[in-house]
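Please read the structure below before turning to the comments.
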Amino acid sequence: IREAVACLREVVPGAAYEEAPVGGASYDAHGAPLTAATLDLARRADAVLLGAVGGPKWEPLDFSVRPERALLGLREALGLYANLRPAICQPALVSASSLRPEVVSGIDIMVVRELTGGIYFGKPRGVSKIDGERVGVNTLRYSESEIRRVAICAFEIARRRRKSLVSVDKANVLEATELWREVVTEVGRDYADVALSHMYVDNCAMQLVRNPKQFDVIVTTNLFGDILSDEAAMLTGSIGLLPSASLAGLGGRGGLYEPVHGSAPDIAGQGKANPLAAILSAAMLLRYSLNMVSEAGRIEEAVARVLGAGLRTPDIAGEGGAGTTLVGTQEMGERVRKEIKNL
């Protein structure tokens with residue numbers, strides 16, 4: 001996050017920043033993963049850049065105060081219902097993917113996942129005893145308004161990109177996603193310039209491996225998006241380069257931006273962590289919350305140039321063949337900022 005903020009300062013020197021602890025750091029200092037003061041700061045901010053939280057140190061804690069509860073609390077309090085997960089295969093890292101280079105070269109996919117509804121939040125839920133045996137229940141529930149708002153967000157993103165949107169459901173089996181398909185289709189009538197198609201989730205999972213370049217923007221439910229975004233991430237070959245955004249629609253204040261990787265406590269303080277996902281999350285912050293598209297592009301291009309020059313953190317040290325140079329967290333950030341200046 002330190003390197004990401006430094007990159008933000010490079011392209012937006014006049015911006016104001018405030019820091020606050022969340023997750024384990026907050027628990028250690030205040031006995032709670034998300035304090036009222038931190039939450040108030042997040043509510044007042046134009047956007048929030050979040051570092052990865054969690055670690056084995058806090059796993060024995062009660063579920064209600066584990067570090068990850070801070071993330072869920074921020075999402076709920078800020079009304080963040082759309083999760084954006086880009087999957088871009090950097091040209092310099094094509095060989096890192098487990099798929100053939102000709103399959104993944106050039107992929108640029110955006111998965112828009114509904115974040116606050118669906119089976120993760122539906123009620124009734126829980127485990128009870130019925131007729132002498134344990135029965136687990138989770139409820140898949142979506143309202144028309146929940147579907148409509150995330151669909152609008154996905155169409156707007158597709159309109160900014162290559163104007164193609166695939167809505168993923170299981171409408172042949174699940175009535176809730178039959179409604180999903182109907183509402184997305186209705187919203188699509190207001191976006192005649194965006195090509196809309198529908199795909200069952202099992203077919204989409206297969207097509208992501210078979211022919212990922214057919215996809216531009218994918219919009220889907222909370223559960224399906226959770227799975228498909230991770231599958232799409234693996235196409236790129238490294239989770240250390242993947243940013244994400246959680247939004248309450250496009251152009252609004254209060255978006256939350258974070259790398260999708262974990263906190264890697266086993267290498268904390270060793271200067272080995274890859275800062276590129278955090279840096280690219282900062283670029284998404286500029287693009288989607290502040291509408292600073294050219295500044296976001298400068299950061300993204302700088303990252304591509306640094307990777308093209310052969311610089312690698314330990315997690316991707318084996319990718320790129322001869323001529324690669326192993327660097328640490330700080331040096332990687334410094335080289336990205338040097339390229340930002342050159343641009």
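Values reported hereafter were calculated over all heavy atoms of this structure, with side chains retained and with hydrogens, waters and symmetry mates removed. Since the model is a prediction, treat every value here as computed from it, not as a measurement.
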*Could you walk me through whether Asp62 and Val65 pass side chain to side chain contact (heavy atoms under 4.5 Å, CB included), step by step?*
CA-CA 6 Å; Asp62 184 78; Val65 291; 4.3 Å; yes

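- Using a 4.5 Å cut-off between side-chain heavy atoms of Ile, Leu, Val, Met, Phe, Trp and Tyr, with links allowed through other members, Val303 and Met110 fall into the same hydrophobic cluster.
- Using a 4.5 Å heavy-atom cutoff, the side chains of Ile218 and Val112 are not in contact.
- Listed by first and then second residue, the salt bridge (Lys or Arg N to Asp or Glu O under 4.0 Å) pairs that reach into residues 195-224 are Arg161-Asp216, Arg162-Asp216, Lys170-Asp202, sequence neighbours excluded.
- With hydrogens and angles ignored, the 3.5 Å screen pairs a side-chain donor or acceptor of Ser281 with a backbone N or O of Glu258.
- Under the 4.5 Å side-chain criterion, counting only non-hydrogen atoms from C-beta, Leu174 is not in contact with Asp169.
- Under the 3.5 Å distance criterion, with hydrogens and angles disregarded, no donor-acceptor pair is assigned to the side chains of Ser246 and Tyr257.
- Using a 4.5 Å heavy-atom cutoff, the side chains of Leu34 and Leu74 are in contact.
- The side chain to side chain contact (heavy atoms under 4.5 Å, CB included) test applied to Ala15 returns Val12, Tyr17, not counting sequence neighbours.
- The closest side-chain heavy-atom distance from Trp58 to Asp28 is below 4.5 Å.
- Taking all atoms of both residues into account, the shortest heavy-atom contact from Ala317 to Thr324 is O-OG1, 4.1 Å.
- Using modelled atom types and a 3.5 Å distance limit, the side chains of Thr116 and Glu114 yield a donor-acceptor pair.
- Within a 6.0 Å radius of CD in Gln214, more than 12 heavy atoms belonging to other residues, nucleotides or ligands are found.
- At least one donor-acceptor pair closer than 3.5 Å links the side chain of Arg66 to the backbone N or O of Leu61.
- Remark: the His198 side chain and the Thr185 side chain contain an N/O donor-acceptor pair separated by less than 3.5 Å.
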*Evaluate side chain to side chain contact (heavy atoms under 4.5 Å, CB included) for Arg125 paired with Val137, printing each intermediate quantity in order.*
CA-CA 5 Å; Arg125 62 182 298 156; Val137 174; 5.7 Å; no

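- Leu80 and Gly255 get closest at one heavy-atom pair: CD2-CA, 4.3 Å.
- Between Arg298 and Glu339 there is no salt bridge, since no side-chain nitrogen of the basic residue lies less than 4.0 Å from a carboxylate oxygen of the acidic one.
- Salt bridge present: Glu102 and Arg100 bring a charged side-chain N and a carboxylate O closer than 4.0 Å.
- A search for ring-ring contact (aromatic ring centres under 6.0 Å, His included) contacts involving Tyr142 returns Trp180, not counting sequence neighbours.
- Environment of CD in Glu19: sparse, with no more than 12 heavy atoms of neighbouring residues, nucleotides or ligands closer than 6.0 Å.
- In plain terms, the two heavy atoms of Val184 and Phe155 that are nearest each other are O-CE1, 3.8 Å.
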*Walk me through it: do Val111 and Leu84 pass the test side chain to side chain contact (heavy atoms under 4.5 Å, CB included)?*
CA-CA 6 Å; Val111 179; Leu84 278 55; over 6 Å; no

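- Here Lys272 does not pair with Asp315 in a salt bridge; the nearest charged N to carboxylate O distance is not below 4.0 Å.
- Although no hydrogens or angles enter the test, the distance criterion places no donor-acceptor pair under 3.5 Å between the side chain of Thr139 and the main chain of Arg141.
- Here the side chain of Ser263 pairs no donor or acceptor atom with the backbone of Ala52 at under 3.5 angstrom.
- Atom CG in Leu208 sits 10.0 Å away from atom OG in Ser229 (nearest 0.5 Å).
- Met234 and Leu280 fall into different hydrophobic clusters, defined by Ile, Leu, Val, Met, Phe, Trp and Tyr side-chain heavy atoms under 4.5 Å apart, directly or through other members.
- Side-chain contact between Pro259 and Ser244: absent, with no pair of heavy atoms (C-beta onward) separated by less than 4.5 Å.
- A salt bridge links Glu301 with Arg305: the distance from a Lys NZ or Arg NE/NH1/NH2 to an Asp or Glu carboxylate oxygen falls below 4.0 Å.
- Checking each of Thr220, Thr221, Asn222 against Arg113 for a side chain to side chain donor-acceptor pair (under 3.5 Å) leaves exactly one that passes, namely Asn222.
- One distance of note links CZ of Arg335 with CD of Gln330; it measures 13.5 Å at 0.5 Å rounding.
- Of the possible polar contacts, none joining the Glu331 side chain to the Gly328 backbone as a donor-acceptor pair under 3.5 Å is found.
- Inter-residue side-chain proximity for Glu295 and Arg287 is flagged as unmet; no heavy-atom pair is nearer than 4.5 Å.
- Ser197 OG to Met199 CE: the interatomic distance, rounded to the nearest 0.5 Å, is 6.0 Å.
- Taking all atoms of both residues into account, the shortest heavy-atom contact from Ile1 to Gly51 is CG1-CA, 3.5 Å.
- With hydrogens and angles disregarded, no donor-acceptor distance shorter than 3.5 Å links the side chain of Ser97 to the backbone of Thr236.
- With a 6.0 Å cutoff to the six-membered ring centre and a 45° limit on the axis angle, Arg159 does not count as a cation-pi contact of Tyr191.
- Leu343 and Ile279 end up in different hydrophobic clusters when Ile, Leu, Val, Met, Phe, Trp and Tyr side chains are linked at under 4.5 Å.
- Taking hydrophobic clusters as Ile, Leu, Val, Met, Phe, Trp and Tyr residues chained together by side-chain heavy-atom distances below 4.5 Å, Ile88 does not share a cluster with Met332.
- Interatomic distance, Leu235 CG to Ser98 OG, rounded to the nearest 0.5 Å: 7.5 Å.
- Between the Thr313 side chain and the Asn274 main chain, no donor and acceptor come within less than 3.5 Å of each other.
- Remark: the backbone N or O of Ala171 is not paired with any side-chain donor or acceptor of Glu175 at under 3.5 angstrom.
- Between Phe121 atom CZ and Asn138 atom CG the span is 12.0 Å, to the nearest 0.5 Å.
- Side chains of Arg75 and Tyr81 form no contact here, defined as non-hydrogen atoms less than 4.5 Å apart.
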_The test is side chain to side chain contact (heavy atoms under 4.5 Å, CB included); show your working for Ile299 and Val11 and say whether it passes._
CA-CA 8 Å; Ile299 292 178; Val11 296; 4.0 Å; yes

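- Cluster annotation: Val336 is connected to Leu311 through the hydrophobic network of ILVMFWY side chains, with a link wherever side-chain heavy atoms come within less than 4.5 Å.
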*asked:* side-chain hydrogen bond (donor to acceptor under 3.5 Å, both in side chains) for Tyr120 and Asp226? Distances and angles first, verdict last.
replied: CA-CA 11 Å; Tyr120 291 164; Asp226 192 0; 2.7 Å; yes

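- Under a 3.5 Å cut-off, the side chain of Thr38 and the backbone N or O of Thr35 do not form any donor-acceptor pair.
- The closest side-chain heavy-atom distance from Leu290 to Leu285 is below 4.5 Å.
- Here Tyr200 contributes atom OH and Gln207 contributes atom CD; the two are 14.5 Å apart, rounded to the nearest 0.5 Å.
- More than 12 heavy atoms of other shown residues, nucleotides or ligands fall within 6.0 angstrom of atom CZ in Arg44.
- Heavy-atom contacts from other residues, nucleotides or ligands closer than 6.0 Å to CD of Glu76 number 12 or fewer.
- The minimum heavy-atom distance linking Ala158 with Leu165 is given by the pair CB-CB, 4.3 Å.
- The two residues Leu49 and Val5 have their closest heavy-atom pair at CD2-CG2, 4.1 Å.
- Salt bridge status for Glu10 with Arg337: absent, with no side-chain N to carboxylate O gap under 4.0 Å.
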